[in-house]
Amino acid sequence: MILYTMMPNELVFPYEAEAASKQQMITYQGIPLLVEIADQQDVQVIRILSSDPQHFMNERIYPGAKISSGTLEGLSALQ
């Protein structure tokens, strides 16, 4: 989609501070991820922040996947 407008990007695509506050950069099994805290037990993968193609082939980690606290043995926070 191409949007031709004279309006600034901030008006067309407003920044949502609440959504960004739920996001966190973590490392899961050596793979850097951007996740969103879904609830106290789960996080949801938003983006894989790696440049290694093998990390994108991992069947357990993909955008939209939920990682539960029971499988967080390889988890560490970057922030």
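What you see is a predicted model, and the numbers here were worked out from it, not measured in a lab.
- With a 4.5 Å cut-off on side-chain heavy atoms, L49 and M25 count as touching.
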Query raised in the report: Under the side chain to side chain contact (heavy atoms under 4.5 Å, CB included) criterion, do T5 and V12 qualify, and how do the steps go?
Result: CA-CA 9 Å; T5 180; V12 177; 4.1 Å; yes

**Report entry** Trace of the side chain to side chain contact (heavy atoms under 4.5 Å, CB included) decision for H55 with I61
**Finding:** CA-CA 8 Å; H55 292 164; I61 303 169; over 6 Å; no

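- Of all non-hydrogen atoms in F56 and D52, the two that sit nearest each other are CD1-O, 3.4 Å.
- Scanning both residues, I37 and V43, for their nearest heavy atoms gives CA-CG1, 4.3 Å.
- Interatomic distance, R47 CZ to Q23 CD, rounded to the nearest 0.5 Å: 8.0 Å.
- Residues I67 and D42 are not in side-chain contact: their nearest non-hydrogen atoms beyond the backbone lie 4.5 Å or more apart.
- Closest approach of R60 to N58, counting heavy atoms only: N-OD1, 3.0 Å.
- Counting only heavy atoms from C-beta outward, the side chains of V35 and I46 never approach each other to under 4.5 Å.
- In this structure, CD in Q44 is found 10.5 Å from CG in D39, a value given to the nearest 0.5 Å.
- Under the 4.5 Å side-chain heavy-atom criterion for grouping Ile, Leu, Val, Met, Phe, Trp and Tyr, Y62 is not connected to M57 through any hydrophobic cluster.
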